[in-house]
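Note sheet for the following structure.
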Amino acid sequence: MSETEQKQLLHLVIGGELSNLEGVQFKDLDAVDVVGVFPNYKAAYDVWKQKAQMTVDNAEMRYFIVHLHRLLDPAEKD
């Protein structure tokens with residue numbers, strides 16, 4: 001990896017309607033919106049924010065950022 005190339009820290013953005021606002025359990029797994037995988041937190045955050053704002057009127061709809069790089073290499077520090 002060159003010095004100008006940044007390390008890839010993969011993040012996944014997903015969302016859907018929750019069965020209970022107290023937890024993180026989706027009503028229908030077939031309806032979960034898998035938005036995409038992004039190369040860094042900033043890119044994932046920008047898309048997460050856009051999707052969250054589009055669904056602001058639905059209190060049961062939530063979007064999440066999953067830090068895939070932490071799952072893929074748990075020993076690695078950010």
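In this structure, the separation between OH on Tyr63 and CE on Met54 is 7.0 Å, given to the nearest 0.5 Å. Annotation: the span from His11 atom NE2 to Tyr41 atom OH amounts to 7.5 Å, rounded to 0.5 Å. Between atom NE2 of residue His69 and atom CG of residue Leu10 there is a gap of 8.0 Å, rounded to the nearest 0.5 Å.
Cluster membership check: Leu71 does not share its hydrophobic cluster with Val35, using side-chain heavy-atom separations under 4.5 Å among Ile, Leu, Val, Met, Phe, Trp and Tyr. Transitive grouping of hydrophobic side chains (ILVMFWY, heavy atoms separated by less than 4.5 Å) brings Val24 and Leu29 into a common cluster.
In this view, Leu12 and Ile14, Val34, Val37, Val66, Leu68 satisfy the side chain to side chain contact (heavy atoms under 4.5 Å, CB included) rule, not counting sequence neighbours.
Heavy atoms only, all atoms of each residue included: Tyr45 and Ile65 are closest at CA-CD1, 3.7 Å. Of all heavy-atom pairs spanning Lys27 and Leu18, the tightest one is CE-O, 3.4 Å. The two residues Phe26 and Gly16 make their nearest non-hydrogen contact at CE2-N, 3.5 Å.
Screening residues 40-51 for salt bridge (Lys or Arg N to Asp or Glu O under 4.0 Å), with sequence neighbours left out, gives Asp33-Lys51, Lys42-Asp46.
For the pair Leu9 and His67, the minimum side-chain heavy-atom distance is 4.5 Å or more.
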